[in-house]
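In this text, all values refer to a predicted model and were calculated from it rather than measured experimentally. By convention in this document, chain letters (A, B, ...) are assigned in the order of the sequence lines, proteins followed by strands, and residues within each chain are numbered from 1.
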Number of protein chains: 2
Amino acid sequence: MEKKEEICEVKLSHSDCSKSLLPVRDALDALNGKWKLQIIISLMFGNKRFTQIAKEIPNITDKMLSKELRDLEAHELVKRTVYDSIPVIVEYTLTEHGRSLRELIEVLRVWGIKHRNQVMGKVEIGDTLEVVN
Amino acid sequence: MEKKEEICEVKLSHSDCSKSLLPVRDALDALNGKWKLQIIISLMFGNKRFTQIAKEIPNITDKMLSKELRDLEAHELVKRTVYDSIPVIVEYTLTEHGRSLRELIEVLRVWGIKHRNQVMGKVEIGDTLEVVN
DNA sequence: TATATCACTATCCTTTTGTATAGTACTTAC
DNA sequence: GTAAGTACTATACAAAAGGATAGTGATATA
């Protein structure tokens, strides 16, 4: 009978947890990898053309930018517009859905600053370290 | 002279944008991949032991869980405690710093639901699709 | 004519991520 | 004594992500 109670407890916790896991998984599927959020940030600051974005984001290669923009388009976060002027101009803009990531990015940015101060200041992790105080 | 103005505009925007990019990059470095946030969510719901976490998160393998827990420990988000009882019990808990991700996860969860409703309902993307309405 | 820009694509390679399967040393349950 | 659970590690492999470099066809600039 102890066993039965335990199962109930586990099931409840498991079910609650799953309810959180699924949407977070969905979000991560759309925003995965090193570059997507950085591209979205760049577009929030008004960048629009391929080469501009490439210059804005340190170390991104053309190949990655091209691939990630295609992914973001498929997820309806970014819109690609081709103007058939001479020469042809390709413009990238955020969709309404893409702009709705503003809050998430803000929270991530604030947490990132905290993380850098609390953890990265002490020990060198990765390659983006700059000396703190 | 048009050129000079343009350079100023780009520089300003670039500098502002970089200020956002760096912390977000820091955050992504600590939280990257498919599993870290899911593990943290699982620990927020009170799970603590290796096998429990493994059961809680769909499709994670022992190898990945083991690796990601080590990464999270290195970033001071998770604490690993060994009790030398018989048999030995290993407990994983969130650190204060790990718990500070609660808001981020909540925002991500809410956005994930919105994303599922707005985008994933229409077209099949990935393997987590369930029929909407 | 030579160089540069734009918006990419192609190729090759390495690293990381993820899967599958098995095994270990211990203990508890049946 | 057999099976199952705990907390992993080891091995082998496939797939995806990411990096480096070069090239393309257009046009614009010097």
Rounded distance (Å) that lies between atom P of dT27(C) and atom CZ of R49(B): 14 Å
Counterpart residues, ring-ring contact (aromatic ring centres under 6.0 Å, His included), relative to W111(B) (two or more places apart): H97(A), H115(B)
ILVMFWY clustering at 4.5 Å (side-chain atoms), partners of Y83(B): I89(B)
Contact letters for nucleotides 8-20 of chain D, in which S counts primed atoms plus P, OP1 and OP2 and B counts the base, heavy atoms under 4.0 Å: BS-BB----SBBB
L21(A) side, atom CG; L37(B) side, atom CG - distance, nearest 0.5 Å: 10.5 Å
Integer-rounded Å distance: dA7(D) P and K48(B) NZ: 13 Å
Separation of dG18(C) C1' from D29(A) CG (nearest whole Å): 14 Å
dA7(C) phosphate, OP1 or OP2, under 4.0 Å from T51(A) side-chain N/O: yes
d(CG, D84(A); P, dA26(D)) in whole Å: 16 Å
Residues that, via side-chain heavy atoms closer than 4.5 angstrom, fall in one hydrophobic cluster with V110(B): none
Of all pairs that satisfy ring pair (Phe, Tyr, Trp, His ring centres under 6.0 Å), the ones with a partner from residues 49-74 of chain A, not counting sequence neighbours: none
Residue pairs, two or more places apart or on separate chains, that pass salt bridge (charged side-chain N to carboxylate O under 4.0 Å, His left out) and touch residues 40-55 of chain B: none
